[in-house]
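Have a look at the structure below, then the notes.
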Amino acid sequence: MPKQFDPLAQRYPSQRFPLYARGGMVNCSTPQASAAGLEALRQGGNAMDAAVAAAAALTVVEPTANGLGSDAFALIWSEKEHRLFGLNASGPAPMLADADKVLAQHRDAEGKMPRHGWTPVTVPGAVGAWAAITKRFGRRSLAENLAPAERYAREGYPCAANLAQSWQSAYRIYKERLTEPCFAPWFRTFAPEGRAPEAGELVRLPDHADSLREIGATEGESFYRGALARKIDAESRKFGGYLRYEDLAAYAPQWVEPIRVNYRGFEVCEIPPNGQGITALMALNILKEFDFPERDCALTAHRQIEALKLAFADAFRYVTDPRCMELDYHRLLAPEYGAERARELGDFARDYGPGLPPKSGTVYLCCGDGEGNLVSYIQSNYMGFGSGIVVEGTGIALQNRGADFSLDPKAANVLRPGKRSYHTIIPGFLMKDGLPAGPFGVMGGYMQPQGHVQVVMNHIDFAMDPQQALDAPRFQWMRDGSVTVESRFDPELARALRRMGHRVRVDLDTGSFGRGQMILRLPSGVLVGGTESRTDSNIALF
């Protein structure tokens, strides 16, 4: 059983304490999005309405990480149905896309999927997620839920400091593509003055506002089977993209059964593949074989890092669209397989290959209401603004999720028509004794399962409240085999990890270690939440 957390304990430097609410809570990476979710609650909506309202607002007020062309995933606890639902709103590759075509078209890409332009664009799923969640669980119309986002886009909002920094960083990347015609709409939309906005500057996105109104009025149909879909199709054809109206028209999000691992009496829940949530569960399935009496010691961090390396070795080998996986992904979560992999973990850093199990630039938000409904929701354009493609006159910024496809025909995640790629964005959820403990999530590419493992263990193993579980210094295993740590990570602990064989370096960019939120529902029904000190995060209470 986990220890009870002390809400006054401040183990790490922070100006934030956990907050409590009875009628509802909306945790987002920006105050405007939290306010949009709270508006939905105050106007009679539930946590699902609040999640959609906040998610739509985030496409406006944090366009550096997501947009109308994003993908999305959600874990939703419905108190009425007394059940946890999963929603996979990632989109497949266009039917015209395949590895051979991309290799022939991009001979200068050294055999890798391009990151920018139309080629890595897959079918966007976020708008479909909003419509599906509203239709199945909401009390308000989609138009009502999108109204705050439309207002922000049309009337403007002041650019926050962290947002300005991310925007300026993205502008420096896209500036190299200034002369390429397909990127011209991005500059007209997001850099109309020939630069990125400064902190405090008013940002208006009128085309985005018009599209939000169209999406709300048609309950999302225009984006997939109407006027907006035809505009996306026309722009793709104009610039040699693979995406077509038919790809959009055939799309629908998928309701899926969450996958789970029992970790010290809690069920840690994630979305199944093609998402990488299974990576966090595989690591926890290994780590539960060990005892962790204290957090800030080298052996604890070493075992966490090594377990994640083992989990990623399997994830990179097997995880893709589940229809194309060579094994049943449930085998990767078998307790005996976790125990087997744990036996490979020694006291010194090493490299790992995949095992064979036994047969048998993202925004995150979470919401809860006074009725017991809870939502864990994440959406992303992937690498910052995504592909750099904005559909002319619509404000629709398209993701570059296809950049994760392999062009190697032998790889599990090879690009094929209609196939979903390995996906990095993952919402998390904790259950206890069949009841919801609460939603949590950490943004940031391949940092996400690592953030999930660290936050879950901070709460369960080390009795931290949501705020401290999020604020605690983090490490990140990198795909080149090195380990980066935050500047406030204990230097002696970092030196000890080096002595254990890890190539450790300090990263001064706190944003690279993820940005997360967490809500727990106490036995009394009261909600307690925390939100990242690493960003402009905000909690709205009801």
Side-chain angles (χ1 to χ4, degrees), residues 65-67 69-73 88-94 97-103 105-106 109-126 173 241-243 247 270-280 308 311-326 329 354 361-363 378-389 397-427 442-451 476-480 512 514:
N66 73 134
S70 285
D71 283 346
F73 294 89
N88 182 331
S90 64
D98 66 42
D100 292 338
K101 283 184 181 178
V102 174
L103 285 168
Q105 185 179 357
H106 298 276
E110 299 180 350
K112 296 181 180 179
M113 280 290 290
R115 291 189 170 193
H116 299 118
W118 275 97
T119 298
V121 176
T122 58
V123 177
I173 293 171
Y242 299 125
L243 190 62
D247 297 308
E270 302 274 359
I271 295 287
N274 55 313
Q276 67 170 346
I278 195 170
T279 310
L308 282 160
F312 271 118
D314 283 337
F316 292 147
R317 172 64 179 84
Y318 298 116
V319 173
T320 186
D321 189 319
R323 297 171 301 172
C324 304
M325 286 180 66
E326 64 185 74
Y329 56 76
T362 301
V363 292
I378 195 163
Q379 69 186 19
S380 173
N381 268 5
Y382 195 24
M383 299 174 184
F385 279 92
S387 63
I389 296 298
L398 293 167
Q399 38 83 332
N400 60 337
R401 185 53 58 182
D404 261 353
F405 274 121
S406 172
L407 299 179
D408 179 356
K410 297 179 182 179
N413 200 42
V414 63
L415 172 63
R416 290 286 181 259
K419 181 179 178 181
R420 286 177 165 86
S421 173
Y422 179 111
H423 219 291
T424 58
I425 64 174
I426 52 174
V442 176
M443 314 164 223
Y446 295 102
M447 177 64 205
Q448 291 184 57
Q450 304 187 61
Q476 179 177 191
W477 174 77
M478 311 298 288
R479 292 189 70 173
D480 66 2
S512 67

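What you find for Pro449 and Thr279 is that their closest heavy atoms are CB-CB, 3.9 Å. The minimum heavy-atom distance linking Gly275 with Val319 is given by the pair O-CG1, 3.9 Å. Pairing each heavy atom of Trp118 with each of Gly241, the nearest pair is CB-CA, 3.6 Å. Contact between Asn381 and Ala397 at its shortest, heavy atoms only, is ND2-O, 3.3 Å. Here the shortest heavy-atom pairing between Ala313 and Pro354 reads O-CB, 3.7 Å. Minimum heavy-atom separation, Gly111 to Leu103: CA-CD2, 3.8 Å.
Atom OG1 of Thr362 sits about 8.5 Å away from atom OH of Tyr382, to the nearest 0.5 Å. Between atom CE of residue Met447 and atom OG of residue Ser512 there is a gap of 8.0 Å, rounded to the nearest 0.5 Å. To the nearest 0.5 Å, atoms CD1 (Ile271) and CD1 (Ile425) are separated by 10.0 Å. Separating the OG atom in Ser380 from the CE atom in Met443 is a distance of 10.0 Å, to the nearest 0.5 Å. With values rounded to the nearest 0.5 angstrom, Ile173 atom CD1 is found 6.0 Å from His116 atom NE2.
Val442 meets the side-chain contact (heavy atoms from CB on, under 4.5 Å) test with His452, Val455, Arg474; sequence neighbours excluded. In this structure, the side-chain contact (heavy atoms from CB on, under 4.5 Å) partners of Val102, at least two apart in sequence or on a different chain, are His106, Met113, Pro114, Thr119, Tyr242, Leu407, Leu415. Listed by chain and residue number, His423 satisfy the ring pair (Phe, Tyr, Trp, His ring centres under 6.0 Å) test with Phe73 (two or more places apart in sequence, or in another chain). Evaluation of the side-chain contact (heavy atoms from CB on, under 4.5 Å) rule for Asn66 yields Leu58, Thr59, Glu62, Ser70, Val363, Gln379 as partners, not counting sequence neighbours. Residues satisfying the side-chain contact (heavy atoms from CB on, under 4.5 Å) test with Asp100, not counting sequence neighbours, are Asp98.
Ring-centre distance between Tyr422 and Tyr318: not below the 6.0 Å cut-off.
Panel note: side chain Asn400, backbone Arg115; a donor-acceptor pair is recorded below 3.5 Å. Side chain of Gln450 to backbone of Trp477: a donor-acceptor contact under 3.5 angstrom is found. Not one N or O on the side chain of Asp404 forms a donor-acceptor pair closer than 3.5 Å with the backbone of Ser421. A donor-acceptor contact shorter than 3.5 Å links the side chain of Gln399 to the backbone of Thr122. Between the side chain of Gln448 and the backbone N or O of Ile426 there is at least one donor-acceptor pair closer than 3.5 Å.
Sorted by first then second residue, the salt bridge (Lys or Arg N to Asp or Glu O under 4.0 Å) pairs that include residues 411-426, not counting sequence neighbours, number zero.
With contacts defined as side-chain heavy-atom distances shorter than 4.5 Å, the pair Pro273/Met325 qualifies.
No hydrogens or angles considered: a donor-acceptor pair under 3.5 Å links the side chains of Asn413 and Thr320.
In this structure, Arg479 forms no cation-pi arrangement with Phe312, as its terminal cationic atom is not both closer than 6.0 Å to the ring centre and no more than 45° off the ring axis.
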Quiz item: Can you check salt bridge (Lys or Arg N to Asp or Glu O under 4.0 Å) on Lys410 and Asp408, steps first, answer last?
Solution: CA-CA 5 Å; Lys410 297 179 182 179; Asp408 179 356; over 6 Å; no
